[in-house]
Trainee: 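Structure provided below as C-alpha cells; questions to follow.
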Amino acid sequence: IKEVPYNGVTTLSVTAAQIATALGVNINTMTPGKQFTLYNEITTKDGKIFSLANTNGEFESIANYNMALRWTASVVCPFVPADAAGTYKITEDNWDGAAGELATVTATANTLKIDLLYPFADNPGLSPVTVDVDVPTGTATVKKQVYGSYGSNFQNFTAQGSGLVFSCVGKIQLNIQHLLGTTDYGFYAIELEKQ
C-alpha cells in the first residue's frame with residue numbers, strides 16, 4: 001500500500017482510499033465494519049527483508065517486541081447515539097459463550113451502556129458495562145469496571161478493553177480483558193449486532 005520510514009517509534013495507519021487504490025476497487029464498496037488484514041515487511045538499509053514469512057511467529061504475540069508485521073484496519077463511521085441505541089444480539093462471545101443472547105444498549109453523546117454484556121455472569125456484581133466512544137471514528141474504550149460475578153463464592157470480575165462501535169450499521173466489536181483482583185484471565189472478543 002505504501003512505504004513508511006522508520007524513525008524510532010513509528011505509527012502505522014492507512015486510509016480507505018489507499019486500500020481501495022491498492023486493491024483496485026471503488027472506495028464506495030468499502031462499507032463500515034469491513035476489515036482488512038495488512039501484512040508489513042521491513043527492509044533494512046543493507047537490503048534484508050523481514051516479515052511473518054521469515055521471522056519466528058511467536059515474536060508477534062510477545063509485547064516486548066512491539067512487532068507490527070500483521071495488523072487489522074477497519075472501515076469506520078461516526079458515532080450517532082440515536083442509531084446506536086436498541087436491542088442487540090450477541091453474535092460472538094469467546095469468554096462466556098452467550099452467543100444468541102440479547103442485550104439492551106442505551107446511548108448518550110459519547111457513551112454506550114450495555115445492560116448485560118455478559119448475561120451468564122451473576123450477582124452481586126452484575127452491572128451494566130459503560131463504553132466510551134470517540135464520536136468521529138467510533139473507537140470504543142472500556143475503562144476498568146465490575147460487570148458480574150462468577151464461581152462458588154460469586155467473586156466480582158472486572159472488564160477493560162477497546163474496540164469499535166459501528167452505529168451506522170448496528171455493530172459493536174470489543175476485545176475485553178477479564179480480571180479477578182490482580183489475576184488476569186486474558187482478552188476475549190465479544191461482538192453484538194442490532195436487531
Side-chain angles (χ1 to χ4, degrees), residues 31-39 52 56-77 79 84-107 111-134 137-195:
T31 56
K34 190 166 186 133
Q35 294 185 318
F36 299 90
T37 302
L38 304 170
Y39 297 89
L52 286 177
N56 186 328
E58 292 180 0
F59 288 154
E60 185 179 31
S61 63
I62 300 171
N64 292 340
Y65 286 103
N66 291 317
M67 296 184 79
L69 295 177
R70 172 179 32 201
W71 56 290
T72 302
S74 298
V75 180
V76 297
C77 58
F79 176 66
T87 300
Y88 283 72
K89 180 187 283 187
I90 299 170
T91 56
E92 179 182 348
D93 179 0
N94 295 328
W95 167 255
D96 224 8
E101 297 293 320
L102 299 178
T104 301
V105 174
T106 55
T111 62
L112 293 178
K113 189 172 279 191
I114 305 171
D115 70 337
L116 294 174
L117 184 59
Y118 295 100
F120 296 157
D122 207 344
N123 286 310
L126 193 59
S127 304
V129 172
T130 300
V131 180
D132 296 325
V133 185
D134 177 66
T137 65
T139 300
T141 303
V142 178
K143 295 177 184 165
K144 189 175 181 180
Q145 58 196 283
V146 172
Y147 68 86
S149 304
Y150 292 99
S152 59
N153 295 327
F154 295 101
Q155 295 173 295
N156 289 344
F157 275 71
T158 58
Q160 62 187 15
S162 60
L164 292 166
V165 174
F166 303 98
S167 60
C168 58
V169 293
K171 289 186 179 181
I172 301 169
Q173 299 173 338
L174 301 172
N175 193 27
I176 300 294
Q177 180 183 25
H178 298 265
L179 302 152
L180 176 59
T182 58
T183 303
D184 182 356
Y185 281 79
F187 284 86
Y188 294 85
I190 186 163
E191 296 186 7
L192 302 93
E193 286 187 12
K194 193 171 182 181
Q195 299 302 290

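Just so we're clear, the structure is a prediction, and the values are computed from it rather than from any experiment.
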Trainee: Give me the atom names and distance for the closest heavy-atom approach of L112 to A84.
Mentor: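 Looking at all heavy atoms of both residues, the closest pair is CD2-CB, 3.7 Å.
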Trainee: Compare every heavy atom of L126 with every heavy atom of A121, then report the nearest pair and how far apart it is.
Mentor: O-CD1, 3.8 Å
Trainee: Rounded to the nearest 0.5 Å, how far does CD1 of I172 lie from CZ of F166?
Mentor: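 It comes to 10.5 Å.
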Trainee: Do you know the tightest heavy-atom contact between T137 and V76?
Mentor: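 Shortest heavy-atom contact: O-CB, 3.2 Å.
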Trainee: Give a yes or no answer on whether the side chain of N156 reaches the backbone of V146 with a donor-acceptor pair at less than 3.5 Å.
Mentor: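 Side chain of N156 to backbone of V146, a donor-acceptor pair under 3.5 Å: no, none is there.
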Trainee: In terms of the angle between their ring planes, are H178 and Y118 parallel, tilted or perpendicular, with boundaries placed at 30° and 60°?
Mentor: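 If you compare the ring of H178 with that of Y118, the planes turn out perpendicular.
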Trainee: If you take all heavy atoms of A103 and L116, which pair is closest and at what distance?
Mentor: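 Closest heavy-atom pair between A103 and L116: CB-O, 3.7 Å.
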Trainee: Between P119 and A98, what is the shortest heavy-atom contact and its length?
Mentor: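 Heavy-atom minimum between the residues: CG-CB, 3.7 Å.
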Trainee: Using atom types as modelled and distance alone, determine if a side-chain donor or acceptor of Q145 lies under 3.5 Å from a backbone N or O of T130.
Mentor: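 Such a contact is found between Q145 side chain and T130 backbone.
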Trainee: Under 3.5 Å, side chain of D115 to main-chain N/O of T104, donor-acceptor pair present?
Mentor: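 Yes; at least one donor-acceptor contact below 3.5 Å.
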Trainee: Can you give me the closest heavy-atom contact between T37 and T72, atom names plus distance?
Mentor: OG1-OG1, 4.2 Å
Trainee: I'd like to know if the side chain of S127 reaches the main chain of G125, judged simply by a donor and an acceptor atom lying under 3.5 Å from each other, with no hydrogens or angles considered.
Mentor: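 Yes.
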